[in-house]
Amino acid sequence: MSLYENIKTRVTNQLVEAANSAQAAGELKFEELPYFVLEEPRERQHGDLATNLAMVLAKQAKRSPREIATTLIKHLDTTGTWIESSEIAGAGFINFRLNPLWLTNVIGEVINAGGLYGQVDIGKGQKIQVEFVSANPTGLLHMGNARGAALGDSLASLLSAAGYEVSREFYINDTGNQIHNFALSLEARYLQQLGQEAPFPEGGYHGEDLIDTVKGLIVKVGDKYLAVEPELRREFLVRYALDEKMRDIRETLQDFGVEYDVWFNEQSLHDSGAVRSTMEELEKKGYIYEKEGALWLKSTLLGDEKDEVVVRSNGTPTYFAADIAYHRNKFERGFNRVINIWGSDHHGHVARLKGAMSALGYDPDNLQIILMQLVRLIQNGEVVKMSKRSGQYITLRELMDEVGKDAARFFFNLRDPDSTVDFDMDLARAQSSDNPVYYVQYAHARLCSILRQAEELGDAGVPPLEEDLNRLDSSEERDLLKKMADLPSEIIVAARLMEPHRLARYVLDLAGLFHTFYNSQRVLVDDVGLRRARLSLVKAVKQIISNVLGILGVSAPERM
RNA sequence: GCGCCUGUAGCUCAGUUGGAUAGAGCAUCUGCCUUCUAAGCAGGUUGUCGGGGGUUCGAAUCUCUCCAGGCGCACCA
């Protein structure tokens with residue numbers, strides 16, 4: 001447990017003790033201690049820690065919050081808490097001031113932990129799977145996928161930092177209707193490229209990339225497939241194109257900093273009979289019925305608005321059927337929790353998939369679906385409808401080429417997944433140097449620069465004396481140290497809420513506090529003791545920035 | 001029509017189970033490079049937290065309702 005968490009826990013416990021002992025002394029009446037918070041107040045003048053305990057007790061105790069606060073302080077034992085003074089403020093807050101010396105201990109804690117500073121263990125090794133992007137391999141990755149990739153990958157890293165055993169997975173939809181359409185589109189392009197009259201299929205994929213794929217193929221095999229039976233021809237074309245698309249998807253994601261543990265094929269669920277056996281299982285449990293020649297899942301029994309088809313009247317299973325089998329498979333693989341990141345356009349699917357899981361005997365709460373709102377494309381001030389079918393979209397590759405991986409990942413991770421993003425490429429290009437990511441990276445480069453010069457002075461590895469550390473007592477240094485001490489709590493909150501964007505905000509704040517410190521105080525001063533103390537601070541800040549940027553998948557450059 | 005999400009400064013957005021004077025970046029104005037990186041710092045300006053009611057000692061946060069925008073409501077995925 002980190003220093004800061006430790007102090008907070010101690011103070012919280014002592015507050016509970018104080019309330020109990022006041023009650024025992026007959027000075028305070030309450031049935032059950034209500035939930036209260038102990039937190040760092042926003043305003044510095046309110047001290048280092050504040051609690052609302054007196055206020056939440058007011059109702060039960062039938063006394064004014066300020067009176068209760070007085071009683072609580074009287075009974076509070078502050079030994080071992082670093083508390084130096086307590087005061088009552090505002091409507092009945094109790095504000096605590098800590099002995100400033102506790103803060104400097106943070107530096108040693110960071111330096112000892114190194115790359116592990118910030119790691120906590122609320123996960124206790126539980127197995128979590130995060131499935132994200134899972135884009136159809138019928139086109140290139142686009143902006144929506146970029147958002148999913150940034151969010152999913154950072155979430156996975158965050159959970160891992162919080163003590164979970166995390167597996168990243170990509171589900172490949174390599175079968176079904178859309179693949180059929182894909183095949184027809186490829187065939188049309190192939191024939192057209194070879195000068196044949198070929199109508200483009202309705203609902204086909206219009207993207208330019210498909211033409212490129214076919215052109216590349218023709219270079220290799222020429223018109224060899226002109227004379228082949230259409231069905232075989234399509235099968236060949238699809239296999240070739242899927243292979244190429246998946247290779248591109250893998251490479252693009254890798255360049256975006258995403259490494260998957262598992263690439264899972266939908267086809268394998270059909271081949272292994274998992275789809276069939278899952279449907280049989282549901283049927284056995286009485287959740288399947290037949291209507292108009294199709295098999296339906298009674299999802300209304302499971303909280304959905306209407307029943308869903310799982311096997312069409314022509315005998316083929318729907319995507320939903322495969323998805324049920326897929327998620328059953330995930331739980332069978334032993335994951336305690338399974339997280340999916342989906343675009344908000346899939347939200348209608350949430351209730352029925354969770355319902356299907358509970359029908360199969362799994363706790364639907366262990367399937368958590370994060371819906372992120374869509375990325376809307378703006379061109380010349382107007383919304384452009386993005387679609388793979390129409391071929392109208394900005395690719396992840398273009399995004400990286402235009403604004404860079406770091407700026408792109410930071411851009412998405414600065415936002416709550418619940419907010420719709422309007423993305424204007426012209427604006428992004430023009431403002432790319434304004435991206436806050438550079439503010440953070442610049443702080444890191446500055447820190448590195450100081451450390452390089454310290455090395456020349458021969459100071460690099462020399463630990464400061466404790467008495468010198470205690471000289472880091474300016475308001476800039478104290479604010480910085482507090483923020484540093486806060487990282488483990490930030491990780492806990494962010495992991496619990498599954499919100500990696502909190503870390504982007506955190507590291508932005510930290511960088512800001514460092515820049516302020518940098519401009520107000522010099523690190524490489526003549527006073528050796530003070531210099532070494534400040535250097536250790538610099539080293540620790542650099543470590544934290546690099547750790548947090550690592551979670552966000554953003555690089556920490558040593559020079560800029 | 002029903003369901004989910006959103007509405008906070010001129011713009012883009014933060015704001016953990018309700019807390020103290022609602023924050024940051026961009027924009028704009030004023031200062032700061034003969035000392036560790038000015039992609040920086042300090043300061044100024046900027047608000048009916050979409051509107052209205054309710055709960056509460058206290059509401060941007062909870063609740064009801066209305067308004068505006070996005071997404072969804074297939075034998076597509």
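Below, chains carry the letters A, B, ... as their sequence lines are ordered, and counting in each starts from 1.
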(request) Figure out the CZ/C1' separation between A/F410 and B/C13, and round it to whole Å. (result) 13 Å
(request) For RNA chain B, produce a single dot-bracket line, 5' to 3'. Pairs: Watson-Crick or G-U wobble, both distances under 3.5 Å. Symbols: ( ) within strand, [ ] crossing, | other strand, . unpaired. (result) (((((((..((((.....[...)))).(((((.......))))).....(((((..]....))))))))))))....
(request) In whole angstrom, give the distance that lies between atom CZ of A/R505 and atom P of B/U16. (result) 12 Å
(request) Indicate, with a heavy-atom threshold strictly under 4.0 Å, whether A/N95 touches base, sugar-phosphate, or nothing. (result) base
(message) Can you check the distance between B/A68 and B/A27, where both ends of the measurement are the C1' atom (answer in whole Å)?
(response) 26 Å
(request) Please figure out whether A/L371 or A/F411 has its closest RNA chain B nucleotide nearer the 5' end. (result) A/L371
(message) List the residues meeting side chain to side chain donor-acceptor pair (under 3.5 Å) with A/E402, not counting sequence neighbours, and say none if there are none.
(response) A/R429
Where do N or O atoms of nucleotides 54-60 of chain B meet protein N or O atoms at under 3.5 Å, pair by pair?
none

(message) Taking B/U55 as the reference, what is the distance to B/C64 when you measure between their C1' atoms (whole Å, please)?
(response) 11 Å
(message) Does A/E305 reach a base, just sugar-phosphate, or nothing at all? Heavy atoms under 4.0 Å.
(response) sugar-phosphate
(message) Assess whether a salt bridge exists between A/R352 and A/E305, defined as any Lys/Arg side-chain N lying under 4.0 Å from an Asp/Glu carboxylate O.
(response) no
(message) Using OP1 and OP2 only, check whether a side-chain N or O of A/H501 sits under 4.0 Å from B/G15.
(response) yes
(request) Please state how far atom CG in A/D418 lies from atom C1' in B/C71, giving the value in whole angstrom units. (result) 12 Å
(message) Heavy atoms within less than 4.0 Å of RNA chain B: which residues of residues 341-350 of chain A have one? Give them sorted by number.
(response) A/S344, A/D345, A/H346, A/H347
(request) Heavy atoms under 4.0 Å is the rule here; annotate nucleotides 32-39 of chain B 5' to 3' with B where the base is hit, S where only the sugar-phosphate is, and - elsewhere. (result) ---BBBSB
(message) How many whole angstroms separate atom CG of A/D323 from atom C1' of B/A74?
(response) 16 Å
(message) Under 4.0 Å, counting only non-hydrogen atoms across every strand here, what does A/S313 touch: a base, just sugar-phosphate, or nothing?
(response) base
(message) Under the salt bridge (Lys or Arg N to Asp or Glu O under 4.0 Å) definition, can you give me all pairs with a residue in residues 290-300 of chain A, not counting sequence neighbours?
(response) none
(message) What is the separation between atom CZ on A/F96 and atom C1' on B/A20, rounded to the nearest whole Å?
(response) 16 Å
(message) Heavy atoms only, 4.0 Å cut-off, all strands: where does A/A89 land among base, sugar-phosphate and nothing?
(response) base
(request) List the steps, then state whether side chain to side chain contact (heavy atoms under 4.5 Å, CB included) holds for A/C448 with A/K542. (result) CA-CA 7 Å; A/C448 289; A/K542 171 185 169 292; 3.5 Å; yes
(request) Tell me, please, whether A/F411 has A/R415 positioned over its six-membered ring: NZ or CZ under 6.0 Å from the ring centre and within 45 degrees of its axis? (result) yes
(message) Does A/N52 reach a base, just sugar-phosphate, or nothing at all? Heavy atoms under 4.0 Å.
(response) base
(request) Take atom P in B/A74 and the same atom in B/G3, then report the distance between them in whole Å. (result) 16 Å
(message) If you compare every side-chain N and O of A/T420 against the phosphate oxygens of B/G7 (OP1, OP2), does one of them come in below 4.0 Å?
(response) no
(request) Using a 90° cut-off around 0 for syn, call B/C11 syn or anti. (result) anti
(message) Nearest whole Å is fine: how far is B/G15 P from A/E39 CD?
(response) 15 Å
(request) Only counting residues at least two apart or in another chain, list the ones meeting side chain to side chain donor-acceptor pair (under 3.5 Å) with A/N435. (result) none
(message) If the cut-off is 4.0 Å, is A/T516 near the phosphate of B/A42, judged by side-chain N/O to OP1 or OP2?
(response) yes
(message) Using atom P in both nucleotides, what's the gap between B/G52 and B/U61 to the nearest angstrom?
(response) 12 Å
(message) Taking the C1' atom in each of B/U12 and B/C36, what is the distance between them to the nearest angstrom?
(response) 34 Å
(request) List for me each residue that meets ring pair (Phe, Tyr, Trp, His ring centres under 6.0 Å) alongside A/F93, sequence neighbours excluded, and say none if there are none. (result) none
(request) List in chain and number order the residues that pass salt bridge (Lys or Arg N to Asp or Glu O under 4.0 Å) with A/D209, two or more places apart in sequence or in another chain; answer none if no residue qualifies. (result) A/K245
(request) Answer yes or no: is there an ion pair linking A/R502 with A/E499, defined by an N-O contact shorter than 4.0 Å? (result) yes
(message) Rounding to an integer number of angstrom, what distance separates B/C13 and B/C67 when you compare their P atoms?
(response) 25 Å
(message) Can you tell me which residue among A/I551, A/L155, A/L552 is in a side-chain contact (heavy atoms from CB on, under 4.5 Å) with A/N413?
(response) A/L552
(message) According to side chain to side chain donor-acceptor pair (under 3.5 Å), who are the partners of A/D422, at least two apart in sequence or on a separate chain?
(response) A/R376
(request) Measure from the ring centre of A/F93 to the centre of the six-membered ring in the base of B/A20, then say whether that distance is under 5.5 Å and the planes meet at under 30°. (result) yes
(request) Please determine if A/E308 and A/K306 form a salt bridge, counting it only when a charged side-chain N lies under 4.0 Å from a carboxylate O. (result) yes
(message) For B/A77 and A/R312 - does any side-chain N or O of the residue sit under 4.0 Å from the phosphate oxygens OP1/OP2?
(response) yes
List, one per line, each side-chain donor-acceptor pair under 3.5 Å for residues 489-498 of chain A, sequence neighbours excluded.
unit_1 : atom_1 : unit_2 : atom_2 : d
A/S489 : OG     : A/E5   : OE2    : 2.4

(message) Work out how far the C1' atom of B/G47 is from that of B/A14, and round it to whole angstrom.
(response) 15 Å
(request) Specify the residue among A/V493 and A/P436 whose closest nucleotide of RNA chain B lies further upstream toward the 5′ end. (result) A/V493
(message) The test is side-chain hydrogen bond (donor to acceptor under 3.5 Å, both in side chains); show your working for A/S154 and A/R409 and say whether it passes.
(response) CA-CA 9 Å; A/S154 299; A/R409 287 195 63 150; 3.2 Å; yes
(message) Within the 4.0 Å heavy-atom criterion, would you say A/A351 contacts the bases, only the backbone, or no part of the nucleic acid?
(response) nothing
(message) Can you list everything that forms a salt bridge (Lys or Arg N to Asp or Glu O under 4.0 Å) with A/D468? Sequence neighbours excluded, please.
(response) A/R471
(message) Any carboxylate oxygen within less than 4.0 angstrom of a Lys/Arg side-chain nitrogen, looking at A/E87 and A/R97?
(response) yes
(message) Measure CD1/A/I94 against C1'/B/G19 and give the value in whole Å, please.
(response) 14 Å
(request) Return the value, rounded to whole Å, for the distance between atom CD1 of A/I545 and atom P of B/G40. (result) 14 Å
(message) Taking A/S555's backbone N and O only, do any of them form a donor-acceptor pair with A/D406's side chain (distance below 3.5 Å, no angle check)?
(response) yes
(request) Sticking with atom P, work out how far B/G23 lies from B/U46, rounded to a whole angstrom. (result) 14 Å
